Amino acid sequence: MPTFKALVVTKPDTGYACDFAEFDEQDLMEGDVTVRITHSTVNYKDGLAITGKSPVVRRFPMIPGVDFAGEVTASTHKDWRPGDHVVLNGFGVGETHLGGYAEKARIKGDWLVPLPYGLSHAQAMAIGTAGYTAMLCLMALEAHAIAPSRGPVLVTGAAGGVGSVAVALLAKAGHEVVASTGRTEEADYLKDLGAAEVIDRAELTGKVRPLGKERFAGVVDTVGSTTLANALSMTKYGGAVAACGLAGGMDLPATVAPFILRGVSLLGVDSVMCPLVVRKEAWRRLGNELDRGKLAAMTSTVPFAEVKEVAARILEGRTRGRVVVEIG
Ligand code: NDP
């Protein structure tokens with residue numbers, strides 16, 4: 001039986017293991033499309049899955065990797081033919097369905113989107129789940145009529161993956177972007193991506209007051225916890241906060257004051273089960289609106305062999321921007 005190279009998470013008696021292995025093709029899961037994967041990437045959730053730090057993986061053995069780009073090699077799905085170039089992210093891939101850290105995947109054709117026009121596989125993965133989530137946040141703020149004329153937009157965890165793409169996309173859309181980071185040495189990097197101002201994340205981690213000074217018309221929050229609570233209290237009357245992350249914690253020590261006294265809206269953003277029609281629009285816009293030079297500036301590339309090392313670093317908040325993994 002043919003095999004292919006994969007990173008495989010298992011649950012031996014000793015706990016949790018993640019190692020490279022030759023995976024039997026016959027052990028691939030059900031699906032109507034087979035893809036030769038060329039590139040994947042490392043998102044925060046991949047870090048959790050590889051290290052086992054949070055229960056992201058819900059089936060064993062599992063190939064982690066929540067997204068990939070590649071070429072269709074076989075299909076019985078009406079929309080896909082061998083030779084098509086595709087992107088996949090979410091739908092439980094890398095969590096409940098075998099994922100992207102492998103030379104091959106078998107998945108449902110309904111989960112795929114076409115590689116956006118003008119993007120290479122590597123560029124699509126430089127965007128990856130993180131960049132696509134940043135676009136979903138921008139779209140959520142736009143749907144709430146947060147126009148540039150209403151005031152600055154805050155991005156938290158700005159030097160991370162979602163944050164870096166959010167800074168570039170918001171700036172391109174004409175917003176005055178305030179980038180919050182724990183790494184103020186990355187101020188020049190963030191200004192090059194389009195931030196008008198860079199603030200220390202400590203400004204958002206102090207005691208949460210029910211209402212703070214009204215500073216931001218909108219917020220893209222990747223951090224959660226006290227940071228999100230403070231961002232809410234600093235949001236202007238009628239503003240909106242798109243919450244997508246928990247890099248600083250899953251709790252939310254906030255009060256209802258911003259909602260009931262300033263009409264602030266908290267907009268939840270989920271990328272995993274996001275409907276295909278929204279997903280396709282987000283990828284289409286990323287293909288059109290994300291500056292390729294800025295995308296390159298925020299991206300580093302590693303060989304497949306280094307993915308475990310990067311997973312550990314991303315959980316420590318030590319990766320900058322996006323990390324692409326070359327699979328084959
Ligand atoms: P990254 O690690 O690349 O970015 C997270 C950033 O958050 C870090 O770079 C750092 O930025 C900041 N940060 C890290 N730890 C802390 C901390 N303890 N307190 C405050 N800030 C911290 O991860 P991603 O960009 O891939 O993901 C960001 C978040 O978004 C994650 O929580 C992830 O799970 C979530 N996410 C959610 C999705 C959804 O569907 N809702 C989809 C994709 C991601 P800096 O150094 O600039 O402060």
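Being a predicted model, the structure only gives us computed values, none of them experimental. Order of listing sets the numbers, starting from 1, for every ligand and every atom in it. Note that the numbering runs from 1 along the sequence shown for the chain.
No cation-pi contact links Arg36 to Phe68, judged by a cut-off of 6.0 Å to the six-membered ring centre and 45° from its axis.
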With a 3.5 Å cut-off and sequence neighbours excluded, list the donor-acceptor pairs that the side chains of residues 15-28 form with protein atoms.
unit_1 : atom_1 : unit_2 : atom_2 : d
Tyr16  : OH     : Ala49  : O      : 2.5
Glu22  : OE1    : Thr3   : OG1    : 2.8
Glu25  : OE2    : Lys104 : NZ     : 2.5

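Counting only N and O atoms by type, the side chains of Arg322 and Thr41 include a donor and acceptor under 3.5 Å apart. For the residue pair Thr184 and Asp200, no side-chain donor N or O sits within less than 3.5 Å of a side-chain acceptor on the partner. Using modelled atom types, one finds no donor on one side chain facing an acceptor on the other under 3.5 Å when comparing Asp32 with Thr76.
Between Lys45 and the choices Val272, Ile314, Thr129, Ile50, the side chain to side chain contact (heavy atoms under 4.5 Å, CB included) rule is met once, by Val272.
A heavy-atom cutoff of 4.0 Å around ligand 1 is satisfied by the protein residues Asn43, Tyr44, Thr129, Thr133, Gly157, Ala158, Ala159, Gly160, Gly161, Val162, Thr181, Gly182, Arg183, Arg201, Thr222, Val223, Cys244, Gly245, Leu246, Ala247, Gly248, Val269, Asp270, Ser271, Ile314.
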